[in-house]
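Read through the structure below, which is laid out as structure tokens, and then see the notes.
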Number of protein chains: 2
Amino acid sequence: MAILERIHLAIIREVERQGSLTAAAAQLNLTQSALSHAIAKLEDQIGVKIWRREGRSLQPTQPGAFLLAAANRLLPQFAHAEERLRQFAKGERGTLRIGMECHPCYQWLLKIVAPYLDNWPKVEVDVRQKFQFGGIGALFGYEIDMLVTPDPLHKPGLRFTPVFDYEQVLVVGPEHPLCGADFVLPHELAEETLITYPVPADRLDIYTQFLTPAGISPRQHKPIETTDIMLLMVAHGRGVAALPRWLVEENAAKFNVSPVRLGRDGVAKQIFLGLREADADIDYMRAFIELASTRRVEATPRPT
Amino acid sequence: MAILERIHLAIIREVERQGSLTAAAAQLNLTQSALSHAIAKLEDQIGVKIWRREGRSLQPTQPGAFLLAAANRLLPQFAHAEERLRQFAKGERGTLRIGMECHPCYQWLLKIVAPYLDNWPKVEVDVRQKFQFGGIGALFGYEIDMLVTPDPLHKPGLRFTPVFDYEQVLVVGPEHPLCGADFVLPHELAEETLITYPVPADRLDIYTQFLTPAGISPRQHKPIETTDIMLLMVAHGRGVAALPRWLVEENAAKFNVSPVRLGRDGVAKQIFLGLREADADIDYMRAFIELASTRRVEATPRPT
DNA sequence: CTCCGTGCGTGAATAAAATTCATCGAATTA
DNA sequence: TAATTCGATGAATTTTATTCACGCACGGAG
């Protein structure tokens, strides 16, 4: 009845990675012959070829590509399940895999995770930042168990809890004309170089909530990966950036940068923790959210 | 290295379903002894018990429950993968699994699917309506390949295309005082019995876009599963309902019901088709969306 | 062009595993 | 309390996976 097994998926994935049966076999601690037999049997039973044998190289056929996608989706879940079971065996509670969709939140997260690890010595924490299908997809696809994101999604199956409010502000260097200003209006950025994290513009609040509504684009847009470099660039007059006020204030002395309110009323933001509804009752998950919620005060900037 | 196999998940799921090893064994075409050995080996290798043997009954332990959840998630994907491979073998293109989050769209869908099946004789179509984690979750979890929904979600990994616009209207019976009225205002429904599909109020447009903003609740709220019964109830003065105008007009003669605009401007709605971005280039998927888009005219009611 | 290295497929042999058979003890029920 | 049902266990057996040995085809080097 059942013909497709875990080993088949493992072979298909490994052959793709290594480029040849022989190399894949070595990786899987098997002989080339074993793989050949295994695949031959599978191809025979379902009546479909997995690869096109073009001379020496193996090109996945359509069914092969389909299986490859399935393998890349399913095998990590097997691996994680086994890992989790081993943790159960050792008396550990599990691994909380946290996904981040909010670059500057990393520093905030560290402040939550530190006491959490003390309170829950038997829980491991793992933080991930790259997801093929976005944070929501990673949550649904069991790549992660919790998501830190500024944009929640109240849908059946997921639950989001706001954990802190903050104000998004413009950061400028000491020589910048806006340094010390009460606030900045969109058109004042029309000739600026805007430094942001490397994500699409429609995921950046300074566009969606500030520039785009006013129909303004900055003169130049520079993507930078790390917050430190970003602040360094701003401090040395290479452009301006938009970051949470608390982050700017924490780094004000170190980098010599100043916050400026975005617009008269400021741009208010919230960070949410999301998890699968099915996990909502797990004690160590609840505890994390609770801890994150109570630390909210420390991270809150002055009210707008 | 790899210890957790498909068979283990199958056993765990089947034991849960059947309540006993013996019954599960019969279901899986194995002997009770085989299952016992298989599980004993697994428990031995990972060092964890799957069930608590309380006298005769088997209660899943915490790891057991975890594996059960994994089984319920993973096994259907194996089954579907095999099914899909068999279809490849037969020269078929695959099965388009369509999920519905929009009760009255069923009739519309039939009109799209009929010509589609003719154009793509090698593609099977399967329509599903129940999802544990909502339509979006089903899409991410590979339970379905396409989602028909009035509320889209533009997120990385998913793509939504609007396929038709319609007007949501109130439906009333021939004896109803509102019959023939130009439009209805929220307070006029305060003493009515409102018939809807059995979904939460925050998913019903008549609440979110009409009643709730005005702070009105109907006197009574009756959930009904099927459109026909709903129209029958309305026609016989048992209440009013909210449905797409095109649906009402199609059934006006058959059931003797009339549409009434909701508010002065009417309530405008759109239906979207959603799919995983990874599938966006598959020809028979594109074709379905194209077909659905071109049929848009027929379903469009008079403009508001 | 030919030789040689390398990679894949195949059949027989072997090793490993899964499954069954036979049996027992414990728990449930009549 | 006897009869019955269910799960565990060890040995026997069957099935399956893997290896070994070998042949063939492709492609690069000489």
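Chain letters run A, B, ... following the sequence lines, proteins first, then strands; residues in each count from 1. Please read these numbers as outputs of a predicted model, since none were measured by experiment.
Side chains of A/R17 and A/Q27: a donor-acceptor N/O pair is absent below 3.5 angstrom, by distance only.
Ring geometry for A/F160 versus A/F272: interplanar angle over 60°, hence perpendicular rather than tilted (30 to 60°).
Between A/E43 and A/R53 there is a salt bridge, with a side-chain nitrogen of the basic residue lying less than 4.0 Å from a carboxylate oxygen of the acidic one.
Using a 4.0 Å heavy-atom cutoff across all strands shown, B/L30 reaches sugar-phosphate atoms only and no base atom. As judged by a 4.0 angstrom heavy-atom cut-off over every strand, B/S33 is placed among the base-contacting residues. Among the protein residues, B/I7 comes within range of no part of the nucleic acid, since none of its heavy atoms lies under 4.0 Å from any strand.
A donor-acceptor pair is defined here as one N or O able to donate and one able to accept, closer than 3.5 Å; such a pair exists between the side chain of A/T31 and the backbone of A/A34.
The distance between atom CZ of A/R52 and atom P of C/dG9, rounded to the nearest whole Å, is 15 Å. Protein atom CG of B/L21 is 14 Å distant from nucleotide atom C1' of D/dT9, rounded to whole Å. Across the protein-nucleic acid pair, B/R6 atom CZ and C/dA17 atom P stand 21 Å apart, rounded to whole Å. Here C/dT10 presents its P atom at 14 Å from CG of A/L35, a figure rounded to the nearest Å. Atom CG of B/L58 is separated from atom C1' of D/dC6 by 9 Å (rounded to the nearest Å).
Listed pair A/S20 / C/dG7 fails the phosphate criterion, with no side-chain N or O lying under 4.0 Å from OP1 or OP2. Applying the 4.0 Å criterion to OP1 and OP2 of C/dG9, one finds that A/S36 has a side-chain N or O inside that range. Using a 4.0 Å cut-off, some side-chain N or O of A/R53 falls inside it from OP1 or OP2 of C/dG9.
Between B/K41 and B/Q32, it is B/K41 whose nearest contact on DNA chain C lies nearer the 5' terminus.
Nearest nucleotide to the A/T22 side chain, out of C/dG7, D/dG7, D/dT19: C/dG7. When the nucleotides D/dA8, C/dT19, C/dC8 are ranked by their closest atom to the side chain of B/A34, C/dT19 comes out on top.
The base of C/dG11 sits within donor-acceptor range of the side chain of A/H37, with an N or O pair under 3.5 Å.
Closest approach of A/R13 to A/P76, counting heavy atoms only: NH1-CD, 4.3 Å.
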